[in-house]
> 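Dropping the structure in here first, questions after.
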Protein chains: 2
Amino acid sequence: MKELSTEEKIVQAAKEVFTQKGYAAARTDEIAVRAGVNKGLLQYYFKGKSKEKLFKAIFEEAFLKMITRINVIFESEDTVEHKIELALDAYFDLLLENPNLPGFIVNELHTNIHAFVEEIMQKPNRPNPMPLLMQIMEEAAQGKIRPINPVHLILNVLSMTVFPFIARPLFQRLVNVDDATFMDMMRQRKAEILDFVKHAIKP
Amino acid sequence: MKELSTEEKIVQAAKEVFTQKGYAAARTDEIAVRAGVNKGLLQYYFKGKSKEKLFKAIFEEAFLKMITRINVIFESEDTVEHKIELALDAYFDLLLENPNLPGFIVNELHTNIHAFVEEIMQKPNRPNPMPLLMQIMEEAAQGKIRPINPVHLILNVLSMTVFPFIARPLFQRLVNVDDATFMDMMRQRKAEILDFVKHAIKP
DNA sequence: CACAGTTTTACCCAAATGGGTAATTTTAGG
DNA sequence: CCTAAAATTACCCATTTGGGTAAAACTGTG
């Protein structure tokens with residue numbers, strides 16, 4: 001099972017610590033401990049500004065993971081409804097595997113202390129919502145779906161999908177469910193959202 | 001306009017810094033600077049563990065603000081649909097005035113380094129979703145609304161309301177809107193969500 | 001004015017932290 | 001077996017940070 005190289009173990013540990021605690025609260029010592037190695041190796045593999053280097057790599061990966069999935073909504077040549085279904089598939093796959101990715105990203109974007117975030121934002125992966133926006137308006141005009149503000153529709157789908165993972169700690173305490181139960185609920189949720197949206201946009 | 005006592009100015013500044021940067025990244029120096037006073041005064045007004053004391057006070061207030069609003073959804077003696085409308089009113093009022101409250105709370109709950117958070121959670125204000133859950137099922141049984149999982153319905157409303165404020169930095173960069181425009185969009189959004197939900201739960 | 005309360009100034013300290021190095025030992029492949 | 005790469009050990013240092021103090025200066029009010 002564990003066939004990770006030391007470097008990979010370090011990256012993996014850094015991912016855990018950064019995504020759980022955020023940059024400011026992350027401790028390089030803890031990264032080393034979780035990786036099962038000593039601090040010296042962080043220097044060995046990431047010479048110079050090891051904390052920052054690790055963070056950059058991890059944040060960029062996480063960010064691209066999240067952001068490129070949005071493109072799924074736009075790329076296909078399908079109906080609005082089916083595009084939403086595909087988007088939900090893609091996003092829930094990602095989120096169930098990486099439950100604390102969104103919280104991490106949102107957190108670091110909120111406390112915008114990292115200048116390089118700007119660079120990442122300008123990368124080629126920028127999603128272009130325009131085609132889908134237009135398509136929603138077209139289908140609305142054709143009476144295929146109910147007239148609706150397309151920006152808010154997209155935002156609605158994204159909100160219902162991502163928010164529970166961000167509010168997970170709060171939610172779990174309020175309704176008193178353990179991790180496994182939470183994950184089960186989220187697996188159900190995909191179908192619930194699709195159902196909800198379908199009815200909401202039905203003419 | 002500015003009739004704040006020094007102590008209030010400090011609390012206000014602390015609120016800004018904590019909600020923007022989170023506990024770990026918050027610097028007491030910055031709090032003093034923003035309050036327009038010197039660090040000595042933090043000791044004068046909050047002797048002993050000033051950072052922690054300030055944080056506790058601020059977090060608890062913020063948390064209760066957010067959490068007690070949820071009760072609006074449950075308390076009234078109304079139809080489900082109208083309860084949702086009232087909840088949206090209450091929540092949008094709060095969010096438009098305190099746009100970075102949810103991000104702050106979610107962030108601090110995520111990096112659960114503060115033991116006292118547990119205490120706060122156990123306070124009398126705990127919302128009890130059961131009545132509304134039952135009511136949703138009743139109305140569904142009576143055919144007043146479409147059959148729907150009540151937990152997910154509530155989560156849907158909350159998600160669509162709160163998420164945009166949490167994802168605000170990301171959203172604003174992706175669609176390139178300034179602060180004023182964002183706030184305008186959010187003001188429209190309340191009506192959009194209500195409309196969306198109404199159609200989604202219509203039998 | 002006198003005086004208590006407030007604010008500033010100018011320091012200090014201990015601990016934590018990120019970053020780093022040099023020597024040594026362990027490990028695996030040729 | 002021998003060697004280079006990998007990993008460990010045991011340090012060090014500069015900086016930041018939270019926390020703190022004591023004395024001086026300022027302020028308003030009785």
Side-chain angles (χ1 to χ4, degrees), chain A residues 1-60 104 107-108 110-117, chain B residues 2-60 104 107-108 111-117:
Chain A
M1 198 72 187
K2 272 194 174 183
E3 288 305 328
L4 293 175
S5 72
T6 301
E7 189 172 356
E8 286 168 332
K9 278 193 290 186
I10 291 174
V11 172
Q12 185 56 39
K15 205 178 291 184
E16 287 175 27
V17 176
F18 278 130
T19 55
Q20 278 169 27
K21 316 221 167 179
Y23 182 83
R27 301 287 168 246
T28 50
D29 282 13
E30 192 181 347
I31 293 175
V33 170
R34 283 218 211 182
V37 301
N38 54 52
K39 237 177 47 168
L41 276 197
L42 300 198
Q43 299 299 325
Y44 185 75
Y45 286 107
F46 302 91
K47 292 194 209 301
K49 306 273 178 190
S50 45
K51 185 180 183 183
E52 227 178 281
K53 275 189 181 174
L54 278 167
F55 178 79
K56 272 192 191 183
I58 284 155
F59 182 85
E60 181 159 9
F104 169 61
N107 181 356
E108 296 300 335
H110 188 64
T111 72
N112 59 329
I113 42 179
H114 309 289
F116 72 90
V117 167
Chain B
K2 272 195 173 182
E3 289 305 329
L4 293 175
S5 72
T6 301
E7 190 172 355
E8 286 169 333
K9 278 193 290 187
I10 291 174
V11 171
Q12 185 57 39
K15 204 178 293 185
E16 287 175 27
V17 176
F18 278 130
T19 55
Q20 278 169 27
K21 315 221 167 178
Y23 183 82
R27 302 286 168 247
T28 51
D29 283 12
E30 191 181 347
I31 293 175
V33 170
R34 283 217 210 181
V37 301
N38 54 50
K39 237 178 45 167
L41 277 197
L42 299 199
Q43 299 298 326
Y44 184 76
Y45 285 106
F46 302 90
K47 291 196 209 301
K49 307 273 178 189
S50 45
K51 186 181 181 180
E52 229 178 278
K53 275 189 182 174
L54 278 167
F55 179 79
K56 273 193 190 183
I58 284 154
F59 183 84
E60 180 159 9
F104 170 60
N107 181 356
E108 296 300 334
T111 72
N112 59 330
I113 43 179
H114 309 288
F116 72 92
V117 168

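So you know, we letter chains A, B, ... as the sequences are listed, proteins then strands, and number each from 1.
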> Identify the two heavy atoms, one from A/V11 and one from A/I58, that lie closest to each other, and give their separation to 0.1 Å.
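For A/V11 versus A/I58, the nearest heavy atoms are O-CD1, 3.9 Å.
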> If the cut-off is 4.0 Å, is A/Q43 near the phosphate of C/dG19, judged by side-chain N/O to OP1 or OP2?
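Negative; the distance criterion is not met.
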> C/dG18, D/dT8, D/dG18: which one has an atom nearest the side-chain heavy atoms of A/T28?
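Side chain of A/T28 sits closest to C/dG18.
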> Measure from NZ or CZ of B/K51 to the centre of the six-membered ring of B/F18 and say whether it is under 6.0 Å with the direction within 45° of the ring axis.
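Geometry flag: not set, cation outside 6.0 Å or 45°.
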> Nearest 0.5 angstrom please: B/E8 CD to B/T6 OG1, how far?
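Taking CD in B/E8 and OG1 in B/T6, the distance rounds to 9.0 Å.
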> Would you mind reading off the distance between A/K51 atom NZ and D/dT16 atom P, rounded to a whole angstrom?
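In whole Å, D/dT16 P lies 14 Å from A/K51 NZ.
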> Let me know the distance between CD of B/E8 and P of C/dT6, rounded to the nearest Å.
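Answer to the nearest Å: 13 Å.
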> Nearest whole Å is fine: how far is D/dA7 P from A/L42 CG?
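Those two atoms, CG and P, are 12 Å apart.
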> In whole angstrom, what separates B/E52's CD from D/dG19's P?
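It is 7 Å, rounded to the nearest whole Å.
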> Does the cation-pi check pass for B/K49 over B/F55, that is, NZ or CZ under 6.0 Å from the six-membered ring centre and within 45° of its axis?
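Pair B/K49/B/F55 does not count as cation-pi.
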> Between A/Y44 and D/dA6, is there a contact of a side-chain N or O with OP1 or OP2 at under 4.0 Å?
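Checking D/dA6 against A/Y44, a side-chain N or O does come within under 4.0 Å of OP1 or OP2.
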> Hey, is the side chain of A/N38 poking within less than 4.0 Å of OP1 or OP2 on D/dA7, counting only N and O atoms?
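No, A/N38 has no side-chain N/O under 4.0 Å of OP1/OP2 on D/dA7.
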> May I have the distance from A/Y23 (atom OH) to C/dT17 (atom P), rounded to whole angstrom?
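Nearest whole value for this atom pair: 14 Å.
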> Contact class for A/A26 (heavy atom, under 4.0 Å): base, sugar-phosphate, or nothing?
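Counting heavy atoms under 4.0 Å across all strands, the contact made by A/A26 is with sugar-phosphate only.
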> Could you give the distance from OG1 (B/T19) to NE2 (A/H110), rounded to the nearest 0.5 Å?
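Atom-to-atom, B/T19:OG1 and A/H110:NE2 are 6.0 Å apart.
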> Calculate the interatomic distance between B/K53 atom NZ and D/dG18 atom C1'; express it in whole Å.
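Distance check: B/K53 NZ to D/dG18 C1' gives 14 Å.
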> Find the distance A/D29:CG to C/dG19:P and express it as a whole number of Å.
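After rounding, the reported distance stands at 11 Å.
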> Any side-chain N or O of B/R27 less than 4.0 Å from the OP1 or OP2 oxygen of D/dG18?
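The answer is yes; a side-chain N or O of B/R27 sits under 4.0 Å from OP1 or OP2.
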> Does A/F46 reach a base, just sugar-phosphate, or nothing at all? Heavy atoms under 4.0 Å.
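Nothing, no nucleic acid heavy atom in range.
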> C/dT8, D/dA7, D/dG19: which one has an atom nearest the side-chain heavy atoms of B/K39?
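The listed nucleotide nearest to B/K39's side chain is D/dG19.
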> Of the listed nucleotides (D/dA6, D/dT8, D/dG18), which one gets closest to any side-chain atom of A/L41?
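It is D/dT8.
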> Which whole-number value in Å describes the distance from A/K47 NZ to D/dA7 C1'?
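Going from NZ in A/K47 over to C1' in D/dA7 covers 12 Å.
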